[in-house]
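Quick notes on the structure that follows.
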Amino acid sequence: MTGRLLAISDLHVGYAENRALVEQMRPTHPDDWLIVAGDVAERFADVMWALRTLSERFAKVIWAPGNHELWTPQNDPEQSRGAARYDKLVDACRELGVLTPEDPYALWEDRLAIAPLFVLYDYSFWPKGATSTEEALRMAHAAGIVGTDEALLHPDPYPGRAEWCAARLGHTEARLAAIDGPTVLVNHFPIVREPTDVLWYPEFALWCGTTRTRDWPTRFNAEVVVYGHLHIPRTTWHDGVRHEEVSVGYPREWSKRATPPAQLRPVLTPAT
């Protein structure tokens, strides 16, 4: 047996129970690669603890940021905001040898480009009945559903999160268009709308992605898409492409499931 491409997301190691899960994570083979699809933690030091721990165990670790890494909590000694905080995370990952959305894409088995993405969201996943983003946000506020990002995820230097998303979309599309061959697309947020259809609170979809990535899996020749954020781990298919939601979630969520928590999801296995 040779190494596999494994994935996990939404580790939320600020919870002691989840930190213990990360401490127990081990590869099944020395050549295993691990995708970490965001929401490692909120505090900068906790993010780095988890990625350092995993990078010391797996042959390669590939990280895409979630919204929680981009928060600036008041109790975090690291008070950088917005794009500056993201840049600090990228720099710290590089010191650990962890690949980020700003690095050259690693090739799995010399044929598949593993592309970690950072594109955020732009409030375009409207709930049913909405005809504009403004109306969709009014509906969400009226229902009492407002993403915590509105208080803790600062878009500096952009005027808003949607504008930051637009800038990231342009940057990322150019990089993906330059890939010659199949890909594995890794994003914290789902890159198609359908996975959000099962949300208990449909208004929360506003904070879950952008319609502008709808054709990316087919356009950029994805063999599989890896994402998290929804805390609903499962496999779905859209336009003939497999999508893997690989989140752990909060202890109050995974403790109720019959399956063991924090199981590394095999995304791909070696061809030989």
Side-chain angles (χ1 to χ4, degrees), residues 7 9 35-40 44 47 51 60-72 78 80-108 112-125 133 147 149-150 152-193 206-229 241 243:
S9 76
I35 290 167
V36 182
D39 275 10
V40 176
F44 194 95
V47 176
L51 291 177
K60 194 179 296 293
V61 172
I62 300 162
W63 168 78
N67 52 314
H68 282 234
E69 283 100 330
L70 300 172
W71 287 3
T72 306
E78 176 53 70
S80 55
R81 295 163 47 125
R85 189 174 188 87
Y86 173 63
D87 290 343
K88 282 183 176 289
L89 287 161
V90 168
D91 289 343
C93 282
R94 285 173 169 167
E95 291 182 8
L96 299 176
V98 172
L99 296 180
T100 78
E102 308 312 309
D103 295 313
Y105 299 139
L107 286 180
W108 168 257
L112 275 162
I114 313 299
L117 312 178
F118 170 41
V119 293
L120 274 171
Y121 52 83
D122 58 5
Y123 309 100
S124 56
F125 285 0
T133 297
D149 292 359
E150 298 298 314
L152 294 179
L153 199 166
H154 305 286
D156 315 17
Y158 300 93
R161 283 161 286 276
E163 290 81 5
W164 193 4
C165 175
R168 292 300 312 181
L169 285 165
H171 169 76
T172 306
E173 277 186 299
R175 292 198 63 200
L176 292 175
I179 298 174
D180 182 16
T183 65
V184 175
L185 300 182
V186 179
N187 196 44
H188 177 64
F189 306 95
I191 62 176
V192 299
R193 170 64 188 269
L206 285 164
W207 291 271
C208 292
T210 169
T211 56
R212 289 181 57 183
T213 57
R214 182 66 183 82
D215 67 344
W216 283 18
T218 52
R219 181 178 162 198
F220 297 121
N221 198 18
E223 286 201 9
V224 60
V225 174
V226 177
Y227 71 99
H229 189 58
V241 179
H243 291 241

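Residue numbers start at 1 and run along the sequence shown.
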Rounded to the nearest 0.5 angstrom, the CG-CG distance for Leu206 and Asp122 is 10.0 Å
Nearest heavy-atom approach of Cys165 to Val119 is SG-O, 2.9 Å
Return yes if a side-chain donor-acceptor contact under 3.5 Å exists between Tyr121 and Asn67, otherwise no. no
Salt bridge (Lys or Arg N to Asp or Glu O under 4.0 Å) pairs touching residues 175-190, sequence neighbours excluded, are none
Discussion item. Ignoring hydrogens and geometry beyond distance, is a side-chain donor-acceptor pair present between Ser80 and Glu78 at under 3.5 Å?
Written reply: yes
The ring-ring contact (aromatic ring centres under 6.0 Å, His included) partners of Phe220 (sequence neighbours excluded) come to Trp216
Rounding to 0.5 Å, atoms CD1 (Ile191) and SG (Cys208) come to a distance of 14.0 Å
The side-chain hydrogen bond (donor to acceptor under 3.5 Å, both in side chains) partners of Arg85 (sequence neighbours excluded) come to Asp76
The side chain to side chain contact (heavy atoms under 4.5 Å, CB included) partners of Thr183 (sequence neighbours excluded) come to Ala113, Ile179, Leu185, Ala222
Across all chains, not counting sequence neighbours, the ring-ring contact (aromatic ring centres under 6.0 Å, His included) partners of Tyr227 are none
Taken to the nearest 0.5 Å, the spacing of Phe44 CZ from Leu89 CG works out to 4.5 Å
Residues at least two apart in sequence or cross-chain that pass ring-ring contact (aromatic ring centres under 6.0 Å, His included) with Tyr86, listed by chain then number, are Phe118
Taken in chain and number order and not counting sequence neighbours, the residues that satisfy side-chain hydrogen bond (donor to acceptor under 3.5 Å, both in side chains) with Asp39 are His188
With sequence neighbours left out, the residues meeting side-chain hydrogen bond (donor to acceptor under 3.5 Å, both in side chains) with Glu163 are none
By salt bridge (charged side-chain N to carboxylate O under 4.0 Å, His left out), Arg214 pairs with (sequence neighbours left out) Glu194, Asp239
Hits for side chain to side chain contact (heavy atoms under 4.5 Å, CB included) against Arg81, two or more places apart or cross-chain, chain-then-number order -> Thr72, His154, Asp156
Quick one, Ile114 and Tyr105 - any side-chain contact, counting heavy atoms below 4.5 Å?
no
Between Asp215 and Thr218, is there a side-chain donor-acceptor contact under 3.5 Å, judged purely by atom types and distance? no
Here the gap from Leu117 atom CG to Asn187 atom CG, rounded to the nearest 0.5 Å, amounts to 5.0 Å
ask   = Are Phe125 and Tyr123 close enough that their ring centres sit under 6.0 Å apart?
value = no
Answer yes or no: is there a side-chain heavy-atom contact under 4.5 Å between Thr210 and Leu120? no
Interatomic distance, CH2@Trp207 vs CD@Glu150, rounded to 0.5 Å, equals 5.5 Å
The side-chain hydrogen bond (donor to acceptor under 3.5 Å, both in side chains) partners of Trp108 (sequence neighbours excluded) come to none
For Asp91, the side chain to side chain contact (heavy atoms under 4.5 Å, CB included) test, sequence neighbours excluded, returns Arg94
(message) Counting C-beta onward and ignoring hydrogens, is there a side-chain heavy-atom pair between Val224 and Leu112 closer than 4.5 Å?
(response) no
Rounded to the nearest 0.5 angstrom, the OG1-CZ distance for Thr172 and Arg212 is 10.5 Å
Close side-chain approach of Arg193 to Thr211, heavy-atom, < 4.5 Å = no
For Pro190 and Gly228 the tightest heavy-atom approach is CD-O, 4.2 Å
